[in-house]
Structure formats: structure tokens, C-alpha cells
Amino acid sequence: MRDGINKIQDIKGLEHECSVLYIEDNPANLRLVTQLLSHLANLRMLSALEPVEGLELAREHEPDLILLDINLPGMDGYAVLKHLRENEKTRETPVIAISANAMPRDIEKGMKAGFDEYITKPIDVAGLLKTVAQRLSEVKK
Ligand code: MN
């Protein structure tokens, strides 16, 4: 964990103001990732504990990046991704799956479904922070 924190401090803040939406029904994971991403300057974090609220936030705020759990109540991450891709406002938004389904076939399924990346739980915090910072650095403002 200490090693992870040291690496996190090497990652610079973002050049532009960016926003990230995380849709996740597990409050502990939500807290972990929210706290983790608070290390990035200029980042606004939005979150939803359930998919319908997450889709509403996505349409309303048009975040630069969406982190999406797969196992969600009512609608799974694949259905959420489909809704995001069908909406004009979120069609192009990068979406990263964060899932406990970590078998190679799960990852393959995720990539085939159109996730931009597929990150498995337990979350490698330094790796996730790097991935998010990298994706957001590609955002043109
Ligand atoms: Mn879940």
C-alpha cells in the first residue's frame, strides 16, 4: 500500500478540468476509488450507486470518462454500456469496466462489448490511477 501511495504522488494533476463518473453499487469500492482519484488535481468526481441514476448523471454532466461496475442491481454494466452508446451525449465517452469478474473470458467479453478497458477487482490502485490519468490526458478541451 505504501509503495502504491508513493507512486501515486508521482502522477501529476490534469492539465484541464475533467470529470469522471463512477457507477458502482459497493460503497466501499466507491469510497476507495473516489479517495484515490482525489489525488488528481482538476478532477471532478461524480458517482452513482445504481445504474439508472448513473445514466442520468452521464447525460446531465457528460463526464470525460466513465468507470463502470459490471454487477449492478437492476441492470448490469453491459446494459448500461449499451444505453451510453445509444445516447448522442455519451456515445463517444470512454468507458472502463471495473469488475470482480476476472476470468479471461470475462475480460474478452468486456472488450468485445465495447469497453475501452477492463480492470479487474481487487483494484490495483496505482494502476487504476495511472490508467485514469492517461485517459484524461487524451481529452481535448
Ligand atoms: Mn457491483
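Bear in mind that the values here come from a model prediction, so they are computed numbers and not experimental data. First listed ligand is number 1; within each ligand, the first listed atom is number 1. FYI, side chains are in, hydrogens and waters are out, and symmetry mates aren't considered; it's all heavy atoms of this structure.
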Can you count the protein N, O or S atoms that lie less than 2.8 Å from the Mn ion (ligand 1)? 3

Does Asp116 reach the main-chain N or O of Ile96 with its side chain, forming a donor-acceptor pair under 3.5 Å? no

Within 6.0 Å of CD in Glu86, more than 12 heavy atoms from elsewhere: yes

Does Glu53 have more than 12 heavy atoms from other residues, nucleotides or ligands lying within 6.0 Å of its CD? yes

Is the NZ or CZ atom of Lys109 positioned over Tyr118's six-membered ring, under 6.0 angstrom from the centre and within 45° of the axis? no

Taking atom CZ of Arg105 as the centre, report whether more than 12 heavy atoms of other residues, nucleotides or ligands fall under 6.0 Å from it. no

Heavy-atom neighbours of Lys121 NZ exceed 12 at 6.0 Å: yes

